[in-house]
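Notes for the one structure printed next.
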2 protein chains.
Amino acid sequence: MPKRRKPAGARGISEKKELLNTFLKEWGLKSTRQRDIIVTEFLKTGGHITAEDIYRKISKKHQDIGFTTVYRTLKLLVKSRLATERVFADNLTRYEPLSAEDHHDHLICLGCGSITEFENARMERLQEKIARESGFNTVAHKMELYGYCGRCGSGSRGGKKQPGTKKNAPAPQKNRNNR
Amino acid sequence: MPKRRKPAGARGISEKKELLNTFLKEWGLKSTRQRDIIVTEFLKTGGHITAEDIYRKISKKHQDIGFTTVYRTLKLLVKSRLATERVFADNLTRYEPLSAEDHHDHLICLGCGSITEFENARMERLQEKIARESGFNTVAHKMELYGYCGRCGSGSRGGKKQPGTKKNAPAPQKNRNNR
DNA sequence: GGAAATTTTGAAAATGAATTTCATTTTCCT
DNA sequence: AGGAAAATGAAATTCATTTTCAAAATTTCC
C-alpha cells in the first residue's frame with residue numbers, strides 16, 4: 001500500500017530547466033552559466049541533497065562557482081516551485097525536486113543515512129481526520145519515520161554509517177566559502 | 001478517536017522533582033537552587049517551550065540565573081528522561097515534560113502558534129505497517145500537522161499572530177547571554 | 001554593435017541558535 | 001570546617017544560513 005515513488009530525477013530535466021527559464025523571464029531575472037550548471041546538477045542528482053553537497057560536487061569541475069550562488073540558486077528553485085526544502089533530524093536543509101502535485105513523506109535510515117520517500121493515501125486521510133476532529137484546518141504536514149533500513153538491520157551492526165548529524169561530524173573542514 | 005492529552009504540567013510536579021533528584025544522586029550530580037527554580041518553572045509551564053522562554057520567565061525574579069544554566073538544566077532533564085526536545089518548523093528547540101510511556105504528535109497553528117498534542121493508535125499502527133513494508137525497522141517518528149486552529153480560522157483572519165518563525169521575528173533583541 | 005540599466009556573482013561578513021570554555025562559586029561528603 | 005568535584009555565568013565559539021557589497025555578467029534599448 002505505501003507506494004515507493006519513482007526517482008524524481010533522471011527524466012524531464014530539460015523540461016524543468018525550461019520551466020525555470022520561463023520563471024526567470026517572467027520575473028525579469030537572468031539566465032546565467034552558473035544557474036544552468038547548478039540546476040542541472042541538482043536535477044540530475046535527484047533529491048534530499050544539501051546546498052553544501054551540491055556545492056562540493058560542482059566545484060570539482062567549476063572552481064569559480066561559489067557556495068553563495070549554489071545556495072541562492074536552490075532558493076530560487078524553491079521560489080519557482082521546482083524544488084522544496086526539507087529539514088530532517090540532523091538540522092541540515094535539504095532540497096528535492098518537486099513535481100506539481102507531489103506529496104510524500106520520508107523514511108530515514110539511522111544507519112546509512114539513506115532517505116526513502118513514500119506516499120500513503122490512508123495516512124493522508126487519517127491526518128485530515130485527526131486535524132478536523134481537533135478543529136484544525138491543515139495546510140501542511142510533516143511526517144518522518146526514523147529507523148534502520150533492510151541493509152542496516154535493526155541496530156549497531158551493518159550499514160555505511162553515514163555521519164549526518166552535527167554531533168559526531170568527523171571531518172574538520174572549515175569555511176565553506178570558496179577561495 | 002484522536003484523544004487530546006491532559007496537560008502534562010499541573011500535577012506530579014513534586015514527584016518529577018523527586019525523580020530528578022534521584023537521577024542527580026545516582027550520577028553523582030548536585031542539587032542546586034538554580035536547578036530547582038528552573039525545573040519548577042519548566043514543569044509548571046507545561047511544555048513546548050524554548051530555553052529562551054524559560055530564561056526570560058525566570059530572570060524576572062532571579063536575575064542571577066544565566067541562560068547557560070537554563071540551557072544546561074533542560075538538557076539534563078532530557079538526559080534524565082523527564083523531558084524531550086522537539087524542533088518544529090521554526091527551527092527552535094522546544095522542551096516538553098515527558099512521562100514514561102508518553103507518545104504523541106503535534107498540531108501546530110500557523111495563526112497563533114499554539115501547539116496541541118494528540119495521540120492516535122491507528123496512526124501508529126499505520127506508520128509501523130508502512131515502515132515494515134519498506135523493510136524498515138522504526139525506532140522513532142516525527143509527525144506534525146500545520147494549519148489553523150478553530151480560533152484562527154482558515155487563513156488570514158483572526159488569531160493572535162504569534163510570530164514563531166524566524167523569518168518575520170519582529171523583536172530586535174540581541175545577545176541571549178545575561179549581563 | 002555598444003552602452004546603460006539591472007541583475008548576478010563571489011568573498012567575506014553577519015546572523016542567530018546552540019554549545020563550549022574557563023575562572024569562580026557552590027555543593028556534597030566526611 | 002576542609003577538600004574534592006560539580007555547577008555556574010559570562011563570554012567565546014561553532015556552524016549552518018543569510019546578507020552585504022563591489023565587481024562582473026546579462027539583457028535591453030538605441
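Residue numbers start from 1 in every chain, and the chains themselves are labelled A, B, ... in the order their sequence lines are given, proteins ahead of strands. Computed over heavy atoms, backbone and side chain alike; hydrogens, waters and symmetry mates excluded.
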Note to self: If I take atom CG in residue A/N91 and atom C1' in nucleotide D/dC15, what distance separates them, rounded to the nearest angstrom?
What the structure shows: 11 Å
Note to self: Quick test of your reading of the model: are A/R94 and A/E85 salt-bridged, counting only N-O distances below 4.0 Å?
What the structure shows: no
Next item on the list: Measure the distance from OH on B/Y55 to P on C/dG16 and round it to the nearest whole Å.
Entry: 17 Å
Next item on the list: May I ask you to say what A/T50 touches in the nucleic acid, namely base, sugar-phosphate or nothing, with a heavy-atom cut-off under 4.0 Å?
Entry: nothing
Next item on the list: With sequence neighbours excluded, tell me which residues meet side-chain hydrogen bond (donor to acceptor under 3.5 Å, both in side chains) with A/T22.
Entry: none
Margin query: Can you measure A/D64 atom CG to C/dT8 atom C1' for me and round it to whole angstrom units?
Written below: 13 Å
Next item on the list: Would you please test A/E41 and A/K44 for salt bridge (charged side-chain N to carboxylate O under 4.0 Å, His left out) and show each step?
Entry: CA-CA 5 Å; A/E41 183 63 37; A/K44 195 175 71 184; 3.6 Å; yes
Checklist line | Interatomic distance where OH belongs to B/Y95 and C1' belongs to C/dA17 [whole Å] | finding: 11 Å
Check: How many Å lie between CZ on A/R35 and C1' on C/dT7, as a whole number?
Finding: 8 Å
Notebook entry, point to check: Atom CZ of A/F67 to atom C1' of C/dA14: distance rounded to whole Å?
Noted result: 14 Å
Margin query: As a quick check of understanding, evaluate salt bridge (charged side-chain N to carboxylate O under 4.0 Å, His left out) for A/K142 and B/D105, giving each step before the final call.
Written below: CA-CA 11 Å; A/K142 181 170 190 175; B/D105 297 303; over 6 Å; no
Check: Once you round it to whole Å, what is the distance between P of D/dT14 and CG of A/L92?
Finding: 18 Å
Item checked: A/Y146 OH to A/I115 CD1 distance, which is reported to the nearest 0.5 Å -> 8.0 Å
Check: Starting at CD of B/E26 and ending at P of D/dA5, how long is that distance when rounded to a whole Å?
Finding: 21 Å
Margin query: Would the distance check show the side chain of B/R35 and the main-chain N or O of B/K30 forming a donor-acceptor pair, the cut-off being under 3.5 Å?
Written below: yes
Next item on the list: Determine, for nucleotides 20-30 of chain C in 5'-to-3' order, which nucleotides have protein heavy atoms under 4.0 Å from the base (write B), from only the sugar-phosphate (write S), or from neither (write -).
Entry: BB-----BS--
